[in-house]
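Remember, it's a predicted structure, so these values are computed and weren't measured experimentally. First the proteins, then the strands, lettered A, B, ... as listed; each starts at 1.
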Amino acid sequence: MRSSLLQNFNPEISINSGQVFLWEKHGDCWYGIHGSQVVKFARKPDGSFEFQSFPEGSDIEKKIFRFDDDVEAIFSEISRDPFVAGLLKAYPGLRLMRQDPEQCMFSFVCASNTNIPMIRRMLYSLTRKFGQKLQFDGREFFTFPTAAQINKATVNDLRACGLGYRAKAVKAVAESITGDLDLGFLVRSNYHDAKKELLKVYGIGNKIADCVLLFSLEKTEAFPIDVWIARALAGQYRWLHNLPVSDKITAHQYDVLSERLRGYFGKYSGYAQQYIYYHMRQQAGKKW
DNA sequence: GTACAGGCAGTAT
DNA sequence: ATACTGCCTGTA
């Protein structure tokens with residue numbers, strides 16, 4: 001913890017920013033499902049945080065909360081934009097989180113055209129039906145099922161988890177991962193190549209692909225554009241595009257806008273997106 | 001009842 | 001390329 005920026009780090013605000021879904025608070029402790037592990041953290045009396053994972057994993061918090069990022073360099077770069085510079089001060093402690101790639105892919109496929117409470121309901125349902133039960137800290141948890149476990153289910157089994165028409169997409173993701181799609185390879189690929197591969201999967205479009213790339217495949221230049229971000233762009237960043245003020249954008253508009261945003265914000269565009277997204281939700285008074 | 005919520009694929013122009 | 005539509009499900 002060499003810098004004040006890191007000392008400002010706040011896992012709670014990061015978790016509540018809507019990028020992760022399977023976290024819950026019990027008393028003074030937070031518990032999250034990260035693939036086959038349960039991750040726990042608690043604030044100690046001196047204000048610092050104590051992290052734990054079950055089954056034990058080394059330095060899980062460094063991975064999940066991206067302590068390996070040079071946040072000073074990142075913040076310095078995205079601060080070139082005055083609006084984002086203000087948001088960095090307004091929301092100290094907010095960070096990108098690094099998710100388990102498989103879980104992330106399933107999560108965001110379930111996230112299409114719905115809201116956070118529903119996404120949580122669907123994902124918890126998947127864990128209860130196909131995950132593994134664990135006892136930890138006197139509580140019961142279910143791991144996030146692997147693609148192989150989900151792939152044993154039929155589309156109708158998946159529908160029973162409340163997925164609706166997304167069941168077909170979840171099945172397609174499970175088939176891809178157990179088949180040709182190598183997520184480890186995508187981590188080593190560049191942004192555009194990795195995105196192209198993700199887009200081949202049924203149910204994965206521009207926005208979901210960018211979420212998976214940013215949150216789990218080490219592509220910090222990914223800048224997911226959902227309706228919230230589109231609203232922000234329409235308001236704050238009119239000069240970056242010629243789009244009408246609107247929530248909806250076409251696939252082509254997405255591509256053009258996406259490239260311009262990457263050109264403007266740089267290789268850490270995704271960090272800027274995270275702050276803008278969080279701000280939009282705050283402004284809208286979202287609580288969940 | 002009906003509008004809506006963190007998109008996507010399919011179809012028609 | 002762009003426009004339009006239907007889609008599960010739960011909530012307001």
Side-chain angles (χ1 to χ4, degrees), chain A residues 13-23 94 96-97 99 103-126 128-129 153-176 195-216 222-236 241-244 246-259 261 269-270 272-288:
Chain A
I13 182 176
S14 304
I15 283 165
N16 280 328
S17 67
Q19 52 184 324
V20 290
F21 304 104
L22 299 185
W23 285 78
L94 176 61
L96 266 186
M97 291 175 67
Q99 304 184 28
Q103 180 174 343
C104 188
M105 216 167 148
F106 286 114
S107 298
F108 283 94
V109 157
C110 290
S112 92
N113 197 24
T114 188
N115 50 44
I116 298 214
M118 277 298 299
I119 298 166
R120 286 168 59 85
R121 186 193 305 265
M122 292 183 236
L123 296 179
Y124 274 123
S125 182
L126 282 176
R128 282 193 301 271
K129 269 197 182 122
T154 65
V155 173
N156 275 342
D157 294 336
L158 296 170
R159 272 183 181 268
C161 294
L163 300 182
Y165 62 87
R166 300 167 194 82
K168 205 173 148 191
V170 167
K171 180 70 178 176
V173 168
E175 284 171 349
S176 299
K195 182 162 182 178
K196 198 189 293 178
E197 288 306 306
L198 290 178
L199 290 176
K200 290 179 184 170
V201 182
Y202 176 89
I204 297 197
N206 263 322
K207 186 266 177 181
I208 292 176
D210 277 329
C211 285
V212 175
L213 290 164
L214 175 61
F215 297 132
S216 74
F223 193 108
I225 304 171
D226 52 36
V227 295
W228 294 97
I229 292 293
R231 286 168 198 160
L233 297 174
Q236 290 290 334
H241 58 83
N242 315 316
L243 304 176
S246 154
D247 291 344
K248 308 252 179 199
I249 55 175
T250 65
H252 180 249
Q253 287 172 325
Y254 189 109
D255 286 339
V256 173
L257 191 46
S258 189
E259 283 310 306
L261 289 163
S269 292
Q273 190 270 3
Q274 189 64 21
Y275 280 83
I276 296 169
Y277 177 73
Y278 186 81
H279 177 66
M280 292 303 290
R281 302 283 299 191
Q282 290 296 115
Q283 293 293 95
K286 282 283 175 182
K287 300 270 186 271
W288 63 85

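Contact annotation: A:R166 does not reach the phosphate of C:dC7 (side-chain N/O to OP1 or OP2, under 4.0 Å). For the pair A:R121 and C:dT9, the criterion of a side-chain N or O lying under 4.0 Å from OP1 or OP2 is not met.
Partner assigned to C:dC8 is none, using Watson-Crick or G-U wobble distances below 3.5 angstrom. Figure legend. B:dG6 is base-paired to no nucleotide; pairs are counted as Watson-Crick or G-U wobble with both atom distances under 3.5 Å.
Rounded to whole Å, atom C1' of B:dG6 lies 15 Å from atom CZ of A:R120. Across the protein-nucleic acid pair, A:H252 atom NE2 and B:dG7 atom C1' stand 19 Å apart, rounded to whole Å. Atom P of nucleotide C:dC4 and atom CD of A:Q253 are separated by 13 Å, given to the nearest angstrom. With rounding to whole Å, A:I249 atom CD1 is found 15 Å from C:dA1 atom C1'. Summarising the geometry, the separation between CD1 on A:I225 and C1' on B:dG6 is reported as 13 Å, rounded to the nearest angstrom. Protein atom CG of A:L163 is 10 Å distant from nucleotide atom C1' of C:dT9, rounded to whole Å. Atom CG of A:D210 is separated from atom C1' of B:dG6 by 13 Å (rounded to the nearest Å). In this structure, CZ of A:R231 is placed 7 Å from P of B:dG6, rounded to the nearest angstrom.
Here the separation of C:dG10 from B:dC8, taken at their P atoms, is 22 Å to the nearest Å. Straight-line distance between the P atoms of B:dT2 and C:dC7: roughly 16 Å, to the nearest whole Å. Here, B:dA3 and C:dG6 have their C1' atoms 16 Å apart, quoted to the whole Å. Across the P atoms, C:dT5 and B:dC4 are found 15 Å apart, a figure rounded to whole Å.
Comparing atom distances between the A:M118 side chain and each of B:dG7, C:dG10, C:dT2 picks out C:dG10 as nearest. You'll find that the side chain of A:R159 is closest to C:dC8, out of C:dA3, B:dG6, C:dC8. Side chain of A:N115, nearest nucleotide from B:dA5, B:dG7, C:dA1: B:dA5. Out of B:dA5, B:dG10, B:dG7, the shortest distance to the side chain of A:Y202 is found at B:dG10. Comparing C:dC7, C:dA3, B:dG6 against the side chain of A:Y165 picks out C:dC7 as the nearest. Nearest nucleotide to the side chain of A:S112, out of B:dG7, C:dT11, C:dT2: B:dG7.
Counting only distance, with no hydrogens or angles, the side chain of A:Q273 and the backbone of A:P224 share a donor-acceptor pair below 3.5 Å. A distance-only check finds a donor-acceptor pair linking the side chain of A:Q19 to the backbone of A:M97 [under 3.5 Å]. A donor-acceptor pair is defined here as one N or O able to donate and one able to accept, closer than 3.5 Å; no such pair exists between the side chain of A:K171 and the backbone of A:N156.
Contacts of A:I229 with the nucleic acid, taken as non-hydrogen atoms under 4.0 Å apart, are absent. Using a 4.0 Å heavy-atom criterion, one finds that A:I119 contacts no nucleic acid atom at all.
Heavy-atom nearest nucleotides on DNA chain B were determined for A:V201 and for A:F215, and the one closer to the 5' end corresponds to A:F215. In this structure, A:K168 and A:N113 both approach DNA chain B, and ranking their closest nucleotides by distance from the 5' end singles out A:N113.
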Pair A:M105-A:V201, side chain to side chain contact (heavy atoms under 4.5 Å, CB included): steps then yes or no = CA-CA 11 Å; A:M105 216 167 148; A:V201 182; 4.3 Å; yes
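Using a 3.5 Å distance cut-off with no hydrogens or angles, the side chains of A:T154 and A:D157 do pair a donor with an acceptor.
Between A:W228 and A:Y277, the angle of the ring planes goes over 60°, which puts this pair in the perpendicular group of the 30/60° scheme.
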